[in-house]
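Heads up: the structure comes next, in structure tokens.
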There are 2 protein chains.
Amino acid sequence: MTARPAGRSAPTLESVAALAGVSRATAGRVLAGSTTVGEQAREAVLAAAAELSYVTNRAARSLMTRRSDSIGFVVGEPEERFFADPHFALVLRGAHAALAGHDVQLVFSILASARDRERFERFAAGGHLDGVILVSLHGDDPLPQRLQDAGVPVVLSGRPFRPVDGLAYVDADNTGGARSAVDYLTHRGRERIATITGPLDMPAAIDRRDGFLAGLAAHDLAAHGVADGDFTVAGGRRAMSELLAARPGLDAVFAANDLMAFGAMQAIAESGRRVPHDVALVGFDDSPLAASVHPALTTVRQPIVAMGEAMAERLIAVIEDGPQAPLVMPTDVVARASA
Amino acid sequence: MTARPAGRSAPTLESVAALAGVSRATAGRVLAGSTTVGEQAREAVLAAAAELSYVTNRAARSLMTRRSDSIGFVVGEPEERFFADPHFALVLRGAHAALAGHDVQLVFSILASARDRERFERFAAGGHLDGVILVSLHGDDPLPQRLQDAGVPVVLSGRPFRPVDGLAYVDADNTGGARSAVDYLTHRGRERIATITGPLDMPAAIDRRDGFLAGLAAHDLAAHGVADGDFTVAGGRRAMSELLAARPGLDAVFAANDLMAFGAMQAIAESGRRVPHDVALVGFDDSPLAASVHPALTTVRQPIVAMGEAMAERLIAVIEDGPQAPLVMPTDVVARASA
DNA sequence: ATGAAAGCGCTAACAA
DNA sequence: TTGTTAGCGCTTTCAT
């Protein structure tokens, strides 16, 4: 079937050239923005192209240029949680926005199974993607390394679990963000501060915990409890209950993401304590719901959309100029009612 | 730049054929799954392809077949809200999953500006997309009609604002879902039932309101208040406050989506009332957070991921067999603590 | 059952 | 500045 009403077939460069009264090459030059073209030829071509609603045939172009003019946005983690998290969509939005002016397609892909991975790797290595944005990888995933070995430009969201030579990535300043959360709490007079961590196979979770501990150390404090969470509401609630049972005297909690903070908020309320009067609570992310819950959540904001944009720009840079240094973006505390 | 280590260039059908000792045509036939090929030729070709990690060059294929082997997943509404809503990501996930076996790419696009729209329309009409999944259109958007006029297969998420001849779409049974919410509430003995609607330029909001009213009518009841919301937490909270002020005697509320129900929950608590004891609350969506809030939200579940899958399958059907009837998927009430 | 050959629409040398 | 020409890798007649 054809994506076009019967009869008319898509205009080609040939037809544009004919209408403009020039050769195909000249028409091509104009459309490619070449400067070595006469003024009247240019105008004629532009007029003809507009007249015919000409659109370059990407397939034909790709065949010649050996570029695909498309870049992959690849989700390494098929877990439900990731899709339920607004983060993902916002990164995608940022990446798309940054690519808007570049005339490249964003090809979306999820690597759900081992077969998916294998197929994707061949596809990318086969030159069908000019570059790849990789999000939500877990643990020590070999994919970025393998893609890089195959010569495929890659940018990661978040630092890799283990350093990879010459691998570009964009990350939030998780360590600094966690430290500033601690600073914020100590400035408000809190001294018995606990934390709920994310899953510790994720660099973001590790960095936030380390930043938390470093922040406390800078104030000559020790953690008033550390509970493992998993970045979910239910996990945050469970972890908070454990903390309250083990350390009933705590007066503040830093949750490594907002979802866990929401869960913690419930657990605190159920224990008969009040936020922030009895327990101050700080989250991480500034997710869309943070301002809407009650009490509104004080949290460490990371610039998600900007990070998505940065990843796309970084990738373009890798494609055009080779390896790029990592980029760590600043975070800041958004003060609301919970702390 | 090239997505491949210097020196080695991507294997072509030519090289596979050479290694297998057959002609390019035969190699092509094998890889295309043709039956008119000798057994030993087939095996030789398959072995050679595996050996070389051959991947079909899509550009070259497209040029011949005049298909792009890619379908667009297009977001018509650039609003922040949409991306903050987990719905979007889950539909995308479903669509991707359904396409997994079809060897097509999912090209993701957001139509943020009028220029984006115009460019996209030309792109699609130019035959560079075999079909389009259109998500989150607002009001009476002409895009589906225009694409269809241009011969581009389209599937919509949600029924269009105004009927479009021969346009395929996949929707949840919003009317039936709202009715079942009312049934559920009346079965629990509630009789003074209010609703918080979505933005009434969206068919889903209209249908849920209408279903709500029809459900009440079936029980010989009238609405105990109708407040306009906008599908956000803040909007739900505001609307709930208005309802409580205007109709302090209400004993149940149906919110047209979960986010508004979350907001309503806060407003109810602030008024000193308790959920569900004083006011029963039912949402719509069964969003990931519905089970995690406190009290857990009773809500009308719609099968989001399945709807994403259905949209992709529908689109394939439109592409291969022409116009398809709309598909309305069933909803069901998930009983939790809030009602 | 297989091969030879003709393009699909475009870009990039190379000539003019 | 412009035109001519030669492919890019694939699918698809048409012969054989």
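Because only heavy atoms are used, hydrogens play no part in the values below, and waters and symmetry mates are left out as well, while side chains stay in. So that the names make sense, note that chain A is the first sequence line, chain B the second, and so on, each numbered from 1.
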| task | Keeping the roles fixed (side chain from B:Thr65, backbone from B:Arg67), state whether a donor-acceptor pair exists under 3.5 Å. | result |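 Yes, the answer is positive, given that a donor and an acceptor are paired below the 3.5 Å cut-off.
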| said: Quick check against the 3.5 Å criterion: does B:Asp130 have a side-chain atom that pairs as donor or acceptor with the backbone of B:Asp69? | reply: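 Confirmed, B:Asp130 side chain pairs with B:Asp69 backbone.
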| request: Take the protein atom CG of A:Leu31 and the nucleotide atom P of C:dT11, then report the distance between them rounded to whole Å. | output: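 Answer to the nearest Å: 8 Å.
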| Residues which pass side chain to side chain donor-acceptor pair (under 3.5 Å) with B:Glu313, listed by chain and number, not counting sequence neighbours |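 By the side chain to side chain donor-acceptor pair (under 3.5 Å) rule, B:Glu313 matches no residue at all.
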| task | Work out how much the helix from C:dA1-D:dT16 to C:dA16-D:dT1 bends between its end axes, five pairs an end, to the nearest 10 degrees. | result |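 The value is 40°.
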| request: With DNA chain C as reference, determine whether B:Ala41 or A:Tyr54 sits nearer its 5' end, using the nearest nucleotide of each. | output: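 The 5'-side residue here is B:Ala41.
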| request: Kindly write out the residues that satisfy ring pair (Phe, Tyr, Trp, His ring centres under 6.0 Å) with B:Tyr169, not counting sequence neighbours, or none if the list is empty. | output: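 Partners of B:Tyr169 by the ring pair (Phe, Tyr, Trp, His ring centres under 6.0 Å) criterion come out as none, since no residue qualifies.
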| Is any NZ, NE, NH1 or NH2 atom of the basic residue among B:Arg162 and B:Asp140 found under 4.0 Å from an Asp or Glu carboxylate oxygen of the other? |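 The answer is yes: the pair qualifies as a salt bridge.
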| Taking NZ, NE, NH1 and NH2 as the nitrogens, is one of them in B:Arg61 or B:Asp103 under 4.0 Å from a carboxylate oxygen of the other? |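 Here B:Arg61 pairs with B:Asp103 in a salt bridge, since their nearest N and O are under 4.0 Å apart.
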| message | Using a 4.0 Å heavy-atom cut-off, does B:Ala59 contact any base of the nucleic acid, only the sugar-phosphate backbone, or nothing at all? | response |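 Contact class for B:Ala59: none.
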| query | Between which nucleotides of DNA chain D, read 5' to 3', does contact with chain B run, using atoms under 4.0 Å from its heavy atoms? | reply |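 Endpoints of the contacted stretch of DNA chain D: D:dG9 to D:dT12.
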| query | Got a sec, which pairs hit ring-ring contact (aromatic ring centres under 6.0 Å, His included) with one end in residues 84-111 of chain B, sequence neighbours left out? | reply |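 For residues 84-111 of chain B: A:His96-B:Phe108, A:Phe108-B:His96, B:Phe82-B:Phe88, B:Phe83-B:Phe88.
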| message | If the cut-off is 4.0 Å, is B:Arg66 near the phosphate of C:dG9, judged by side-chain N/O to OP1 or OP2? | response |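 Looking at the OP1 and OP2 atoms of C:dG9, one of them is under 4.0 Å from a side-chain N or O of B:Arg66.
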| field | Positions of residues 18-26 of chain B (non-hydrogen atom under 4.0 Å from DNA chain C), listed by number | value |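 Within residues 18-26 of chain B, the residues near DNA chain C are B:Val22, B:Ser23, B:Arg24, B:Ala25, B:Thr26.
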